4 protein chains.
Amino acid sequence: MPKIGMEPIRRNALIEATIDEIGKAGSLNVTVAQIARRAGMSTALAHHYFGSKDQMFLAAMRHIMTAFGARTRAELAAARGPRERLNAIIAASFDEREFRPEVVSSWLSFYVQAQNNPGARRLLNVYTGRLHSNLVFNLRQLTNIANAHAIANGVAALIDGLYIRQALHNNRMDRFQTMGLVWDYLDLKLGQAGRMMKDPLDPSRLATSP
Amino acid sequence: MPKIGMEPIRRNALIEATIDEIGKAGSLNVTVAQIARRAGMSTALAHHYFGSKDQMFLAAMRHIMTAFGARTRAELAAARGPRERLNAIIAASFDEREFRPEVVSSWLSFYVQAQNNPGARRLLNVYTGRLHSNLVFNLRQLTNIANAHAIANGVAALIDGLYIRQALHNNRMDRFQTMGLVWDYLDLKLGQAGRMMKDPLDPSRLATSP
Amino acid sequence: MPKIGMEPIRRNALIEATIDEIGKAGSLNVTVAQIARRAGMSTALAHHYFGSKDQMFLAAMRHIMTAFGARTRAELAAARGPRERLNAIIAASFDEREFRPEVVSSWLSFYVQAQNNPGARRLLNVYTGRLHSNLVFNLRQLTNIANAHAIANGVAALIDGLYIRQALHNNRMDRFQTMGLVWDYLDLKLGQAGRMMKDPLDPSRLATSP
Amino acid sequence: MPKIGMEPIRRNALIEATIDEIGKAGSLNVTVAQIARRAGMSTALAHHYFGSKDQMFLAAMRHIMTAFGARTRAELAAARGPRERLNAIIAASFDEREFRPEVVSSWLSFYVQAQNNPGARRLLNVYTGRLHSNLVFNLRQLTNIANAHAIANGVAALIDGLYIRQALHNNRMDRFQTMGLVWDYLDLKLGQAGRMMKDPLDPSRLATSP
DNA sequence: AATGAATGAGCCTTCATTCAT
DNA sequence: AATGAATGAAGGCTCATTCAT
């Protein structure tokens with residue numbers, strides 16, 4: 001039943017299917033046939049809409065990145081002050097809608113692929129860059145520039161590490177414990193930085209932190 | 001040039017070649033032919049010595065794990081006291097002989113494969129378990145049991161995160177900065193733990209920490 | 001030249017080609033490439049339609065068995081009385097459309113493969129069982145049950161022996177002499193059985209036997 | 001431990017191993033490595049002694065044929081009169097030392113291979129020819145020449161059929177029932193022939209027949 | 001006499017991609 | 001818009017055979 005205006009629907013179905021299949025397989029070793037079947041169409045149609053398997057992968061990666069960006073903006077909108085905004089940025093990484101084994105596993109696969117695939121690399125760099133500048137921008141208001149970069153590096157590494165451990169089911173922590181670990185790292189680093197800046201943390205903020 | 005006693009030589013050459021090729025490719029998408037060629041032999045011989053591609057991968061993974069274990073023991077032998085031993089354990093992860101892009105990338109690939117491959121999973125669990133118990137054993141002498149586990153989790157996640165960033169060349173830090181980041185995390189957590197235990201850190205020990 | 005409804009055509013072509021190639025080779029040592037080439041398509045398409053070489057072999061065997069079953073039914077439909085039906089069953093085995101060197105040779109290969117291949121074994125057992133019960137059912141009306149089974153065994157062995165000799169071109173007899181040999185065996189056994197039962201054979205029936 | 005005069009021992013071990021492996025596999029799909037391993041030596045040595053896999057197969061086939069010829073002569077030596085000699089010839093085919101599943105299966109494989117392999121064909125023709133002339137020679141003393149050939153054909157087909165059924169475990173009869181079936185066929189054919197020659201069978205002989 | 005070492009050739013199977021309809 | 005049909009290219013694995021020792 002050929003219909004008009006199917007393109008966005010088909011493309012979306014394929015992207016979801018791609019993420020699901022990659023997540024299930026735990027690697028990019030999935031066939032176009034698998035993806036197309038899960039999306040309820042023929043491989044020929046999948047190629048019609050994306051041109052190649054690689055493009056499908058990139059679209060799926062872009063989809064994940066875009067969703068992450070949107071979540072970050074949403075979380076940030078509700079946050080007040082730099083410390084809350086930092087927590088919001090972290091929370092966006094562990095949002096319950098995306099911090100599911102299959103999405104995380106899929107994300108990890110793309111992450112790894114970015115080592116050698118220029119397209120994937122470019123997308124990943126956008127994400128990495130945004131995360132870093134978002135963190136630094138807010139950290140900058142709480143500590144000096146050198147510290148801000150150092151802390152941002154630590155936070156980013158921690159997030160990646162927690163992601164990979166989640167993908168491997170090696171993570172015995174739930175979503176809140178996971179986020180808490182990162183927030184706690186921030187608290188400590190900022191506390192240290194604070195002391196180094198002779199600018200003790202506001203106790204009231206500490207009281208509300210996880 | 002048929003000689004006797006070639007088996008260990010060939011096996012070793014294949015393992016090195018496997019790690020190199022996987023590292024170069026950034027994934028397990030390498031052919032037996034590539035590996036065999038780099039190791040200077042035919043694919044048939046590679047199969048003769050390892051039986052299957054999978055076994056070759058597992059042997060390479062085991063090789064990396066074994067080397068890591070040996071380094072850990074060596075570092076630990078020179079360490080005095082729990083704090084130094086913790087630093088030693090961390091240092092073993094970032095030893096200059098192994099913390100090279102290709103080895104790290106290869107490690108990451110195995111790490112990812114462990115998601116679904118039982119053999120890889122088993123090997124990884126041994127590594128993960130050892131790292132955790134090594135950390136906890138020494139942390140236990142500096143803080144309570146709950147903290148020890150929590151800190152070990154954080155350290156492990158941090159190491160993983162730094163590894164993945166190293167593999168992606170996203171890590172602008174050198175080996176010492178990388179290690180320093182983890183040591184610093186330990187210092188902070190133990191300092192916090194110390195305060196929480198009303199057991200302030202010994203200033204003399206702090207003086208020797210990196 | 002992609003058309004729709006090709007599946008039955010392709011499958012049939014592959015089955016015929018399989019039988020031809022096996023018959024020509026005299027064993028199952030034929031490659032998928034040979035079969036596919038003879039059937040006028042790529043090996044990939046052959047796999048697309050049958051999944052594996054083994055399935056192709058089984059389909060070919062099933063094809064031969066089915067054809068034999070159909071011939072048996074056709075011959076039986078025209079037969080009157082148990083003695084004629086016995087002859088009909090035997091005639092079905094030596095039908096000129098199938099008692100050709102290549103089909104016989106192919107049949108023999110499957111027969112032999114049934115020794116260790118469960119799928120082939122199952123198919124063969126169906127054939128063997130049907131032949132035996134068909135024979136016994138009609139023999140039962142001419143002699144006692146023990147004799148019926150014994151005679152059926154002899155007839156079946158004789159058919160198999162004549163088949164193998166046909167496959168090896170060791171059989172200097174034509175189709176009618178071959179059938180005659182089995183019919184003659186039946187006559188003798190039933191004559192003997194008749195005498196043993198004090199029930200001499202009806203001379204009129206003998207007159208119509210070949 | 002290289003020894004002199006090993007050649008016949010090695011060759012024999014390889015021949016036995018070949019028969020065993022083929023019998024176990026139910027086809028000629030056995031590797032030189034399997035055979036060599038079972039014979040307790042390297043594949044290189046197997047090639048050294050036989051030159052090629054094909055030659056090993058032919059040697060094994062020749063071995064079976066030779067053993068059969070020897071048994072026939074032995075059985076014949078003890079037989080008195082044409083009828084006993086015919087029974088002796090048949091008995092040689094079902095000798096307990098050789099009528100075992102693996103030998104029979106191996107025999108069948110060679111039999112089948114003779115379809116297209118000239119060497120195997122030549123060997124088989126020798127066997128077939130000897131059996132036929134042995135049978136005809138003795139039958140000739142009990143019936144006319146045409147009958148003699150016809151009966152020899154029937155007996156040979158029956159033996160082949162019983163062999164193949166033995167190889168497939170489709171034969172529910174033991175060795176004596178199997179032989180009895182062929183002897184019985186002979187009795188019937190000779191009885192018929194006798195009647196046709198107005199030369200009734202000697203009742204005393206019948207009394208001793210199985 | 002004996003073997004470990006080594007490989008070329010080949011086979012089954014998979015899969016991304018294209019095309020006619 | 002959609003798909004069944006079709007294939008070239010490649011990859012993992014096996015194996016008979018050779019060779020230096």
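Bear in mind the structure is a predicted one, so any value in this text is a computation, not a measurement. The chains referred to below are lettered A, B, ... by the order of the sequence lines, with proteins before strands, and numbering in each begins at 1.
- No side-chain donor-acceptor contact under 3.5 Å links Lys53(D) to the backbone of His47(D).
- The side chain of Lys53(D) lies closest to dA16(F), out of dT17(E), dC15(F), dA16(F).
- Between Val30(D) and Thr31(B), the residue whose closest nucleotide on DNA chain F is further toward the 5' end is Thr31(B).
- The CG atom of Leu14(B) sits 13 Å away from the P atom of dA5(E) (whole-angstrom rounding).
- Under the 3.5 Å distance criterion, the side-chain polar atoms of Arg11(A) are matched with a main-chain donor or acceptor of Tyr49(A).
- The closest donor-acceptor contact from the side chain of Arg121(D) to the backbone of Leu168(C) lies under 3.5 Å.
- At the heavy-atom level, Ser42(B) lies under 4.0 Å from base atoms of the strands shown.
- Comparing dA6(F), dT3(F), dT14(E) against the side chain of His47(C) picks out dT14(E) as the nearest.
- The side chain of Arg10(B) contributes no N or O atom lying less than 4.0 Å from OP1 or OP2 of dG4(E).
- Separating the CZ atom of Phe50(C) from the P atom of dC12(E) is a distance of 15 Å, rounded to the nearest angstrom.
- Mapped onto DNA chain E by nearest heavy atom, Thr43(D) and Val32(A) fall at different nucleotides, with Thr43(D) at the one closer to the 5' end.
- Pair assignment for dT14(E): dA9(F), on the basis of Watson-Crick or G-U wobble contacts that are both within less than 3.5 Å.
- Put simply, the side chain of Met65(C) reaches to within 4.5 Å of the side chain of Leu124(C), judged on heavy atoms.
- Comparing atom distances between the Met6(B) side chain and each of dA5(E), dT18(F), dA2(F) picks out dA5(E) as nearest.
- The separation between Gln34(C) atom CD and dC11(E) atom P is 7 Å, rounded to whole Å.
- The distance from atom CD of Glu21(A) to atom P of dA16(E) is 12 Å, rounded to the nearest whole Å.
- Separating the CG atom of Leu45(B) from the P atom of dT18(F) is a distance of 18 Å, rounded to the nearest angstrom.
- If you check dT14(F) for Watson-Crick or wobble pairing at under 3.5 angstrom, you find it paired to dA9(E).
- His48(C) comes within 4.0 angstrom of nothing in the nucleic acid, heavy atoms only.
- Toward the 5' end of DNA chain E, the nearer of the two residues Gly40(D) and Ala33(C), judged by each one's closest nucleotide, is Gly40(D).
- Distance from the side chain of Ala44(D) is smallest to dC19(F) among dA2(F), dT14(F), dC19(F).
- Nucleotide dA1(E) has no partner under the Watson-Crick or G-U criteria, as no pair reaches both atom distances under 3.5 Å.
- No side-chain heavy atom of Thr18(D) sits less than 4.5 Å from a side-chain heavy atom of Phe50(D).
- Regarding Asn29(B), its CG atom lies at a distance of 13 Å from the C1' atom of dC15(E), rounded to whole Å.
- Regarding Arg37(B), its CZ atom lies at a distance of 15 Å from the C1' atom of dT7(E), rounded to whole Å.
- Within 4.0 Å (heavy atoms only), Tyr49(C) reaches sugar-phosphate atoms of the nucleic acid but no base atom.
- For Glu102(B) and Lys24(B), the salt-bridge test fails: no basic side-chain N is under 4.0 Å from an acidic carboxylate O.
- Distance, Glu7(C) CD to dA6(F) P: 10 Å, rounded to whole Å.
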